[in-house]
Amino acid sequence: MSQQWIPNDDFLRHTLNNPTGLSPCEFRLDNGVTVQLWDSGVICFEPAKAGDKDIVLACGVHGNETAPIEICAELVQDILQQKLLPKQRTLVLIGNPAAINAGKREVEENLNRLFSGHHSKGAGLINDERKRAQALEHYVTRFYQQAPEGSRKRYLYDLHTAIRGSRFEKFAVYPFLHGKPWQKNQLEFLQACGVSTVLLMQTAASTFSYYASNTHGADAFTVELGKVRPFGQNDMSRFAEVRASLRALVADAPLATQDFDEANFHLYEVYRSIHKQTQDFKLHFADDVQNFTTYPVGTLLATDGDTEYRVEKEGEALIFPNAKVAIGQRAMLMVIPRSVKGQLA
Ligand SMILES: [Zn+2]
């Protein structure tokens with residue numbers, strides 16, 4: 001029998017109809033799965049007999065990044081309609097419903113720069129994105145803390161699409177682990193999701209994935225799945241691998257992983273971060289340049305008043321260029337290839 005709390009089992013529509021919050025409720029499906037709606041865009045599934053993983057899937061942290069929202073909405077609907085049986089505890093988060101309704105990346109502030117307490121720094125909880133970041137931290141904490149006793153594994157995959165095209169269509173950002181080894185099985189899982197380009201960060205960040213990794217010890221990633229498009233204009237066949245892998249993870253079904261071989265990956269680390277210092281900051285390449293584009297050593301990349309930025313290293317690639325950021329903010333990240341040989345667990 002269908003449940004009555006989420007009309008038509010349409011979690012996304014219910015979220016967008018109630019973007020500022022809704023009354024929590026709990027019900028049980030015929031297959032024994034307990035469903036808890038905690039807030040707008042926050043739904044938790046507890047199998048009657050849960051496996052050893054606590055999985056958080058996040059989408060819509062940037063409101064115009066629709067493909068991940070569609071992937072998560074479909075997964076939730078299939079669970080509610082008992083087409084997909086979760087065997088692991090799973091929390092699905094639609095990050096920024098108000099921004100989704102506005103069709104914008106953000107309403108006032110980039111939500112993915114507000115985690116690990118950054119929401120309360122400076123001016124404090126002055127806008128809805130800051131309040132939402134604090135609430136999302138609270139829900140992730142509750143989810144992990146409510147897990148059964150015993151040896152458990154925590155995961156958080158924060159799914160995005162990028163503003164610009166990419167030389168490698170899909171890539172993941174592996175948050176800074178403070179010297180702990182990278183997880184081979186996670187690289188294998190990403191590869192099964194169709195993601196074989198990974199940026200290994202070396203500094204703390206204010207992102208959702210760094211928060212889950214650093215605060216909760218989760219294996220956590222920001223996963224960029226392609227280019228931003230409006231709802232209904234995503235070619236869902238391009239996401240077949242990630243959809244199948246996430247569903248298998250939640251259902252505790254076999255994953256289509258292969259043994260890790262570095263030759264099948266593009267692994268990068270940050271070489272330098274270029275911050276905008278003056279109003280004259282200017283990028284010296286086309287607006288539509290792809291992420292991970294490389295230029296010969298010496299090529300002029302950007303000027304900022306009297307400062308020139310040129311390619312310094314062989315293989316140095318640019319990502320996330322944006323001349324429109326506020327002064328003091330990061331305008332571009334420069335990355336270089338690196339190896340993880342002997343540094344995996
Ligand atoms: Zn994003």
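Just follow the structure's listing: the first ligand is 1, and inside any ligand the first atom is 1.
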query = So, Y271 and E312: side-chain donor and acceptor under 3.5 Å apart, yes or no?
reply = yes
query = Within the stated cut-off of 2.8 Å, is an N/O/S atom of E224 closer than that to the Zn ion (ligand 1)?
reply = no
message = Need the atom name: nearest N/O/S atom of H160 to the Zn ion (ligand 1).
response = ND1
ask   = Strictly by modelled atom types, are H284 and Y309 linked by a side-chain donor-acceptor pair under 3.5 Å?
value = no
query = Are a donor atom and an acceptor atom from the side chains of Q36 and W38 found within less than 3.5 Å of each other?
reply = yes
query = Is the Lys NZ or Arg CZ of R89 less than 6.0 Å from the centre of F143's six-membered ring, within 45° of the axis?
reply = yes
request  = Using the Zn ion (ligand 1) as the apex, give the angle to atoms ND1 (H62) and OE2 (E65), rounded to 10 degrees.
outcome  = 90°
